[in-house]
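For reference, the structure discussed in these notes is given below.
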Amino acid sequence: MADTFNYRIDHHGSLVRPAELTAARTSGGDPQALLDAELRAVQEAVAYQRRLRSTVVTDGDFPREDFRSAVLDAVSGFRRTDETGADGLTRWVAESLPKADGPLLADWAARLAELTVIAPKASLPSPAYLAATTFRPGLGPASARELGEALAEIIHAEIELLVTRGVRLIQLNNPLLLAQLATDPADPGALSFEDALAVDALAVRPGKRQEGVRIGVAPGWAAPVAVDMARAERLYGAIAADRWVLPFDQGTAAELDLVRALPEDRDVCLGVVDATVPQLEDLDTVMARIDAVGEFKDLEDAAVSPSRGFADVADRPLLSAEAQHGKIVLVETVARYVWGNEF
């Protein structure tokens with residue numbers, strides 16, 4: 001693909017919330033005061049990302065409770081429960097087929113685009129992930145596949161709208177997929193691997209993208225112990241994403257295999273620093289790992305990022321703001337070692 005739109009200094013989207021925003025959200029006060037606090041926080045986050053010389057900017061997910069909220073808070077058919085899933089997230093259940101009540105992220109994206117000339121980025125949960133985690137047999141939709149297909153239509157429409165609002169990089173997150181690429185795959189739960197591929201493929205349909213637009217998929221935060229290459233190739237072949245955002249922070253053979261299975265015409269974003277621990281990676285070690293990728297993948301079709309979002313759940317940041325800063329600076333340093341100033 002090798003062009004000028006690889007957005008080589010990237011991050012998953014979520015950032016540690018500033019204390020002022022957290023206080024405004026927990027106070028339960030005036031909704032307008034909360035919106036004002038969100039706007040101020042996003043403006044400051046954009047300025048922060050520009051100072052760090054990132055090639056994309058996001059709103060940090062500051063207006064949202066967690067990485068699913070863009071959909072769950074904006075469509076009908078879902079109910080929040082008092083349960084907590086194995087991943088620690090509040091459980092939502094689908095009581096009917098979802099219907100969009102308006103834009104999901106597009107209004108915030110338009111505000112973001114007004115704040116910067118750097119490419120705006122938006123992140124959404126994938127429809128297959130939402131279907132797998134919200135479907136409950138006997139309640140609402142007849143099957144997880146039916147629920148996923150309805151969500152895919154909503155998310156596909158949102159992707160199209162985001163592009164018209166100036167967003168140039170859109171990332172779908174499905175943290176469940178990499179476990180299905182193991183040589184001993186995990187239990188797929190409510191949605192089989194093949195159904196998950198079919199559902200996410202509906203949201204990321206093939207076709208000509210506008211100049212500079214990339215649709216990416218993050219299939220999980222950690223590589224399995226060993227990768228079934230045939231299943232990995234099936235994943236990449238089924239979903240017409242331009243960019244695959246892959247964990248690459250542990251130096252394992254499985255991480256290399258995930259990249260090796262990619263078709264030649266797909267970009268890869270390597271999650272080269274661990275977003276879950278404050279210790280900074282050794283630069284030479286990171287560069288040696290990237291050099292290994294360069295032996296079989298054109299690095300002109302690559303980018304670098306942290307391994308995952310820093311605060312995919314607003315009140316559960318993985319690192320402090322200071323540690324987050326160090327990780328993002330290291331990503332920028334790695335990018336300049338690999339590509340110089342050619343961004």
Side-chain angles (χ1 to χ4, degrees), residues 10-18 21-22 25 38 41-42 45 49 56-75 78 80-81 83-94 98 100 103-109 112 120-134 148 151-152 154-155 158-159 162 167 169-179 191 196 199-200 203-204 215-222 241 243-247 269 271 274-276 305-319 324 327-328:
D10 194 6
H11 69 90
H12 280 246
S14 69
L15 298 170
V16 177
R17 275 56 165 186
L21 176 57
T22 300
R25 179 160 287 122
E38 290 171 342
V42 169
Q49 291 168 85
V56 300
V57 294
T58 79
D59 63 11
D61 267 349
F62 289 171
R64 291 168 283 284
E65 178 183 356
D66 65 51
F67 77 99
R68 311 165 300 169
S69 300
V71 176
L72 294 177
D73 288 346
V75 303
F78 292 98
R80 185 189 185 111
T81 75
E83 303 170 18
T84 301
D87 54 7
L89 291 170
T90 299
R91 180 80 185 271
W92 289 66
V93 295
L104 309 180
L105 287 178
D107 290 343
W108 272 104
L112 185 64
K121 174 180 177 177
S123 296
L124 288 160
S126 90
Y129 171 77
L130 290 177
T133 55
T134 64
L151 285 163
I154 292 171
I155 290 173
E158 183 69 11
I159 289 171
L162 285 168
V167 175
L169 182 57
I170 300 164
Q171 178 175 315
L172 296 187
N173 295 315
N174 188 337
L176 301 178
L177 283 175
L178 288 186
L191 200 65
V199 165
D200 280 350
V204 188
I215 310 300
V217 172
W221 315 138
R243 180 186 190 99
W244 287 87
V245 188
L246 302 175
C269 183
D274 188 340
T276 69
S305 76
S307 61
R308 57 173 298 172
F310 290 103
D312 289 336
V313 182
D315 62 1
R316 282 167 34 204
L318 299 176
L319 296 177
Q324 170 187 265
K327 294 286 182 170
I328 297 176

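Just so you know, residue 1 is the first one in the sequence shown, and it goes up from there.
The residue from Ser14, Ser123, Pro125 that alone fulfils the side-chain contact (heavy atoms from CB on, under 4.5 Å) condition with Asn173 is Ser123. Here the rule is salt bridge (Lys or Arg N to Asp or Glu O under 4.0 Å) with Arg64, and of Asp312, Asp59, Asp73 only Asp59 fits it.
The side-chain heavy atoms of His11 and Gln324, taken from C-beta on, include no pair separated by under 4.5 Å. Counting heavy atoms from C-beta outward, Asp200 and Leu172 have side chains that stay 4.5 Å or more apart. By the 4.5 Å heavy-atom criterion applied to side chains, Arg25 and Glu38 are counted as neighbours. With a 4.5 Å cut-off on side-chain heavy atoms, Asp66 and Ser69 count as touching. Leu318 has its side chain out of reach of Phe310: every pair of non-hydrogen atoms, C-beta onward, lies at least 4.5 Å apart. In this structure, Pro247 and Arg308 have side chains that are not in contact, with every pair of non-hydrogen atoms separated by 4.5 Å or more. Taking the side chain as every heavy atom from C-beta outward, Glu65 and Leu72 never approach each other to under 4.5 Å. Inter-residue side-chain proximity for Ile328 and Leu15 is flagged as met; some heavy-atom pair is nearer than 4.5 Å.
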Test side-chain contact (heavy atoms from CB on, under 4.5 Å) applied to Lys121 and Gln49, step by step: CA-CA 12 Å; Lys121 174 180 177 177; Gln49 291 168 85; over 6 Å; no

Item to complete: Determine, stepwise, if the pair Arg17 / Asp315 fulfils side-chain contact (heavy atoms from CB on, under 4.5 Å).
Response: CA-CA 8 Å; Arg17 275 56 165 186; Asp315 62 1; over 6 Å; no

- With side-chain contact (heavy atoms from CB on, under 4.5 Å) as the test, would you mind laying out the steps for Leu105 and Val167 before giving the verdict? CA-CA 10 Å; Leu105 287 178; Val167 175; over 6 Å; no

Is there a side-chain contact (heavy atoms from CB on, under 4.5 Å) between Thr90 and Val313 once you walk through the steps?
CA-CA 10 Å; Thr90 299; Val313 182; over 6 Å; no

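The shortest non-hydrogen separation linking Ala100 to Val75 is CA-CG1, 3.9 Å. Pairing each heavy atom of Val42 with each of Phe62, the nearest pair is N-CD1, 3.9 Å. The shortest non-hydrogen separation linking Pro103 to Asp107 is CG-OD1, 4.0 Å. Considering all non-hydrogen atoms of both residues, Ile154 and Pro98 come closest at CD1-O, 3.7 Å. Considering every non-hydrogen atom in both Leu191 and Ala196, the closest pair reads CD2-CA, 3.7 Å. Heavy atoms only, all atoms of each residue included: Ala203 and Ile155 are closest at CB-CG2, 4.2 Å.
Residues satisfying the ring-ring contact (aromatic ring centres under 6.0 Å, His included) criterion with Phe67, sequence neighbours excluded, are Tyr129.
Taken from CH2 in Trp221 to NE2 in His12, the straight-line distance is 6.0 Å, to the nearest 0.5 Å. Taking CG from Leu162 and CG from Leu169, the interatomic distance works out to 11.0 Å, rounded to the nearest 0.5 Å. For the atom pair Leu89 CG and Thr84 OG1, the distance stands at 8.5 Å (nearest 0.5 Å). Annotation: the span from Ile215 atom CD1 to Arg243 atom CZ amounts to 11.0 Å, rounded to 0.5 Å.
Between the side chain of Ser307 and the backbone N or O of Ala275, at least one donor-acceptor pair lies under 3.5 Å.
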